[in-house]
2 protein chains.
Amino acid sequence: MPQETSATDTAPRELWYPEREDITIYGILAALSDPTRLEIVRALAQHEERCPFDFLDITSKQNLTHHFKVLREAGLIKSRYEGRKKFVWLRRDPIDEMFPGLLDGILGAVK
Amino acid sequence: MPQETSATDTAPRELWYPEREDITIYGILAALSDPTRLEIVRALAQHEERCPFDFLDITSKQNLTHHFKVLREAGLIKSRYEGRKKFVWLRRDPIDEMFPGLLDGILGAVK
DNA sequence: TCTTTAGTACAAGATGTATTGTACTATCTC
DNA sequence: GAGATAGTACAATACATCTTGTACTAAAGA
């Protein structure tokens, strides 16, 4: 199981991301098999960056945090903090390199 | 939940399959997010028809039965019985029509 | 400093899934 | 019919996942 950065770390709110070679097609498919997460990823594919709570119309705060964590641990997204806002974007490069055509196939399959 | 044909039915060993419109991209992605099932589907994509127990090197009998049931209920496969053997094949047509590029994207992503 | 907003942590409950063991049916061959 | 083979059914366990409630931190603005 991936370890979050502990409270003793210097940098606050730093998140763990899987290395390129730890991203699996199984993790990606599982992450995208949830309607909420597929909708989020579809939005990220169009908007460059989004804030997690732009999606509060879909589900609750805590649940969004959960789903963004799943997407992050699957290697699908990265994020940065700016003040109290968080900006999230798709990690297209490693995924398109390791699994060419996968993301396009999934995102293109639904109009 | 899908109902299997009961023991009182005339035709023996008939299985339930989802209608075209009941196939979802979420179900497909979830079904293919398992290593065993993705390997099975990759083999089916190359071999036209296969018997479930051609995959006994991967996992147990009962587990294969389980995984083939998941694939069937997701709408990914169809099967027929011939004597005591079962032959399974990919349901490419409805999937390629409803989700064009999806299966190719997933199966093409892994060499 | 106080309040508000963005976001996280954690626990809990409900549900789903993967796997195995045991027992069973169905078909073929002898 | 007897035995072997292909396959299923069901229960049980272990584990993962989704969702919500409660409580918390971190930053912005007044």
Side-chain angles (χ1 to χ4, degrees), chain A residues 1-16 24 26-40 49-74 77-88, chain B residues 1-16 24 26-40 49-74 77-88:
Chain A
M1 289 302 130
Q3 281 295 115
E4 305 297 332
T5 56
S6 74
T8 58
D9 285 348
T10 48
R13 299 211 265 175
E14 252 181 42
L15 296 170
W16 173 88
T24 69
Y26 315 114
I28 292 176
L29 294 176
L32 298 182
S33 70
D34 179 274
T36 302
R37 289 193 294 261
L38 187 54
E39 181 166 347
I40 290 171
E49 281 190 341
R50 295 300 299 267
C51 299
F53 293 1
D54 290 348
F55 302 94
L56 273 174
D57 53 320
I58 305 179
T59 184
S60 67
K61 271 172 55 164
Q62 314 93 301
N63 204 17
L64 282 176
T65 299
H66 163 68
H67 284 308
F68 275 95
K69 182 182 180 185
V70 173
L71 291 173
R72 172 172 57 86
E73 294 184 346
I77 58 171
K78 282 223 169 181
S79 56
R80 64 185 175 86
Y81 291 95
E82 192 176 311
R84 56 184 159 183
K85 283 220 140 194
K86 186 185 189 180
F87 293 93
V88 185
Chain B
M1 288 304 127
Q3 282 296 113
E4 305 296 333
T5 57
S6 73
T8 58
D9 286 347
T10 48
R13 297 213 265 177
E14 252 182 42
L15 296 171
W16 172 89
T24 69
Y26 315 114
I28 293 176
L29 294 176
L32 297 182
S33 70
D34 179 273
T36 303
R37 290 193 293 262
L38 187 55
E39 180 165 348
I40 289 171
E49 280 190 344
R50 296 299 298 268
C51 299
F53 294 0
D54 290 348
F55 302 94
L56 273 174
D57 52 321
I58 306 181
T59 184
S60 67
K61 270 172 54 163
Q62 314 94 298
N63 204 18
L64 283 175
T65 299
H66 163 69
H67 284 307
F68 275 95
K69 183 182 181 185
V70 173
L71 291 173
R72 172 173 58 85
E73 294 184 345
I77 58 170
K78 282 223 169 183
S79 56
R80 65 185 173 85
Y81 291 94
E82 193 177 309
R84 58 184 157 181
K85 282 221 142 196
K86 186 186 190 180
F87 292 92
V88 185

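Small disclaimer: the values here were computed from a predicted structure and weren't measured. Lettering follows sequence order; numbering is per chain, from 1.
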Suppose we screen for side chain to side chain contact (heavy atoms under 4.5 Å, CB included). Which residues come up paired with [X], at least two apart in sequence or across chains?
| X | answer |
| --- | --- |
| Glu39(A) | Ile58(A) |
| Ala74(B) | Ala31(B), Leu76(B) |
| Gln62(A) | Ser60(A) |
| Ser33(A) | Leu29(B), Ala30(B) |

What is the distance, rounded to the nearest whole Å, between atom [atom1] of [X] and atom [atom2] of [N]?
| X | N | atom1 | atom2 | answer |
| --- | --- | --- | --- | --- |
| Lys69(B) | dT19(C) | NZ | C1' | 14 Å |
| Arg80(B) | dA26(C) | CZ | P | 20 Å |
| Ile77(A) | dG7(C) | CD1 | C1' | 14 Å |
| Glu73(B) | dT8(D) | CD | P | 12 Å |
| Ile40(A) | dC18(D) | CD1 | C1' | 13 Å |
| Phe55(A) | dG7(C) | CZ | C1' | 15 Å |
| Phe53(B) | dG7(D) | CZ | C1' | 5 Å |
| Leu38(A) | dC18(D) | CG | P | 13 Å |

- Taking atom OG1 of Thr36(B) and atom OH of Tyr26(A), what is their separation to the nearest 0.5 Å? 8.5 Å
- Task: Please check the phosphate of dT8(C) (OP1 and OP2 only) for any side-chain N or O of Tyr81(A) closer than 4.0 Å.
- Result: yes
- Check salt bridge (charged side-chain N to carboxylate O under 4.0 Å, His left out) between Arg50(A) and all other residues, then give those that pass, not counting sequence neighbours. Asp54(A)
- Side chains of Lys85(A) and Phe53(A): closer than 4.5 Å at any heavy-atom pair? no
- Is there a side-chain contact between Lys61(B) and Thr65(B) (heavy atoms, below 4.5 Å)? no
Table of protein N/O atoms under 3.5 Å from nucleotides 1-3 of chain D N/O atoms:
none

- Within residues 60-68 of chain A, find the residues that approach DNA chain D with a heavy atom at under 4.0 Å, and present them sorted by residue number. Ser60(A), Gln62(A), Asn63(A), His66(A), His67(A)
- Task: Please work out if Thr59(B) contacts a base, only the sugar-phosphate, or nothing of the nucleic acid, heavy-atom cut-off 4.0 Å.
- Result: sugar-phosphate
- Message: Going by side chain to side chain donor-acceptor pair (under 3.5 Å), name the residues that satisfy it together with Thr24(B), two or more places apart in sequence or in a different chain.
- Response: none
- Hey, which sits more toward the 5' end of DNA chain D by its nearest nucleotide, Arg37(A) or Glu82(A)?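 Per heavy-atom nearest nucleotide, the more 5' residue is Arg37(A).
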